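Notes follow once the structure below has been shown.
Owing to the predicted nature of the structure, the values given are computational and were not obtained by experimental measurement. FYI, the numbering just counts along the sequence from 1.
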Amino acid sequence: MKLIFERSMPGRGCSILPPCDVPAADLTGFEREKELHLPEISENDISRHYTELAKQTHGVNDGFYPLGSCTMKYNPKVNEAAAAFPGFTGIHPLQPASTVQGCLEVLKQAEELLCEITGMDGMTFQPAAGAHGEFTGLLLIKAWHQSRGDSKRTKIIVPDSAHGTNPASAAMAGFTIVNIPSSPDGCVDLEALRKAVGEDTAGLMLTNPNTVGLFDKNITEITRIVHEAGGLCYYDGANLNAVMGIARPGDMGFDVMHLNLHKTFSTPHGGGGPGSGPCGCREFLIPFLPGPRITDENGQLSLHSPETSIGCVKEFYGNFLVVVKALTYILMLGKEGIPEAASNAVLNANYMMHGLSDLYDMAFEETCMHEFVMCLEKLKHETGASALDVAKTLLDYGIHPPTMYFPLIVHEALMIEPTETESRETLDEAIAVFREVYARARKDGEALHQSPSTTPIGRPDEVTAARKPVIRYQF
């Protein structure tokens, strides 16, 4: 399809403005040195352009979207309606606290409920996304060690199955990364962890359930080992959707964590945002949280910043409307609905894994949590059809591909997370598609190299696209 700039025609537009009724300002000296490149286009063409774009995208509203480790689930529209209330959208972050008591109550109540769900004692909503929350949590760990004069703790332990943002966030916070291997069962190798900890250990970063979809049976032993070495334990909340309302990171021994409100608690994510990655912590870390924080003084909510705060990590209070959506989601589901959603996410993943395990090799055979990982190394060796080929072929069936080649500890990996919002009928249809693609690979694996064949764009040259990206329109 044409870019919107290619649809542009000089002099064309869609705005009809009345004559100016105020004196014209003299802007001499403030003119642009170069022409501002904006498309000149009619309303009719604009409407058709974005409608065509919508037809060529695939989201949760279009079909099955089993993107592992991302929890791309359907989000109720009531949350969008709540976030659109004028009382939430028509405010300004600099107006007096006395005039936005309802908005402050949203932040206060969301903090209390999310702390109850996670086992934390305090939370900031400033971080704009998950990795931003990681960075904030690591700054809290750093500030705590420094407050005790313990400057020798410079290392963060990260398992080899971790999300790539974990070591990146730790490095940005000024730590040295210590990578430890997984054991054959896909969980943390306890002996490797014991050898890695020491007087220079600042903390451990861990996701539980982990990246291969397993709940680490040694989780309390893991946090105990780190604590006995003098380090703190950081919980990556990317996979909390599997255990929310059932198991709490605070009870597992974690001291600080982040949540992805834009995954677990219902805000559509992808395409760059908006996101929210609030950072929660135990009581002893609260003095270091970013300010301002909300306090209740005789029923009047106000804002203050702790004297020992690490400072702001984002302007004002974070992406407020995302918090409105998350609070709506939590209140709608309630105490019974939140663990039910988590249980259904686990049920759906195990149902789908069981429906495919007689054909596809599973990276780990035991019961999974919210996601499972298939290893297509044998299939590629015997048929020539790789995990990439299978993923691309799924597009022809209207299914978004699962996560490919991650985690790195599984060769030819496909990671599948159906989430709790998919029906049994949808899962059965998806299982049938995966089985048909497997049969096609066995019959003629080379043919899958040409997939997809029914989408607006076929198989792109991904190597060239990565090495020589065209990222701007040449006028």
Point-to-point distance, once rounded to the nearest 0.5 Å, from [atom1] of [X] to [atom2] of [Y]:
X      : Y      : atom1 : atom2 : result
Phe175 : His145 : CZ    : NE2   : 6.5 Å
Ile117 : Lys335 : CD1   : NZ    : 12.0 Å
Thr367 : Met353 : OG1   : CE    : 6.0 Å
Lys142 : Asp150 : NZ    : CG    : 13.5 Å

State which residues pass salt bridge (charged side-chain N to carboxylate O under 4.0 Å, His left out) with Asp389; sequence neighbours excluded, sorted by chain then number.
->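 Asp389: salt bridge (charged side-chain N to carboxylate O under 4.0 Å, His left out) contacts with Arg459.
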Sequence neighbours left out, cut at 3.5 Å: what donor-acceptor pairs do the side chains of residues 397-411 make with other protein atoms?
from, atom 1, to, atom 2, distance (Å)
Tyr397, OH, Glu436, OE2, 3.0
Tyr397, OH, Arg440, NH1, 3.0
His400, NE2, Tyr65, OH, 3.3
Thr403, OG1, Gly68, N, 3.1
Thr403, OG1, Gly68, O, 2.7
Tyr405, OH, Leu388, N, 3.2
Tyr405, OH, Glu412, OE1, 3.1
His411, ND1, Glu377, OE2, 3.4

Flag the pair [X] and [Y] as a salt bridge only when some basic side-chain nitrogen lies within less than 4.0 angstrom of an acidic carboxylate oxygen.
X      : Y      : value
Arg282 : Asp121 : yes
Glu221 : Arg194 : yes
Glu417 : Lys263 : no
Glu52  : Arg48  : no

Do the rings of His258 and Tyr234 sit parallel, tilted or perpendicular, given the 30° and 60° boundaries?
->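 Parallel.
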Name the orientation class of the two ring planes belonging to Phe320 and Phe88 (parallel below 30°, tilted from 30 to 60°, perpendicular beyond 60°).
-> perpendicular
Exercise: do Tyr351 and Asp428 side chains pair donor with acceptor under 3.5 Å |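 Yes, a side-chain donor-acceptor pair sits under 3.5 Å.
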Go through the side-chain N and O atoms of Thr154 and Asp200 and say whether any donor and acceptor fall under 3.5 Å apart.
-> no
Show every side chain to side chain donor-acceptor pair (under 3.5 Å) that has at least one partner inside [range], sequence neighbours left out.
range            : value
residues 84-98   : Gln95-Thr99
residues 296-307 : Thr295-Ser302
residues 159-187 : Ser69-His163, Glu134-Thr165, Glu134-Asn166, Glu134-Ser169, Asp160-Ser182, His163-Asp236, Asn166-Asp236, Ser183-Asp185, Asp185-Lys217

Please check if atom CD1 in Ile471 has more than 12 non-hydrogen atoms from other residues, nucleotides or ligands closer than 6.0 Å.
->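 Not buried by this count: 12 neighbours or fewer within 6.0 Å.
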Can you give each donor-acceptor pair under 3.5 Å made by side-chain atoms of residues 237-247, sequence neighbours left out, with the distance rounded to 0.1 Å?
from, atom 1, to, atom 2, distance (Å)
Asn239, OD1, His370, NE2, 3.3
Asn239, ND2, Pro209, O, 2.9
Asn239, ND2, Asn210, O, 3.3
Asn241, OD1, Lys73, NZ, 2.6
Asn241, ND2, Glu420, OE1, 3.0

Do Phe265 and Val323 have side chains that get closer than 4.5 Å, going by heavy atoms?
-> no
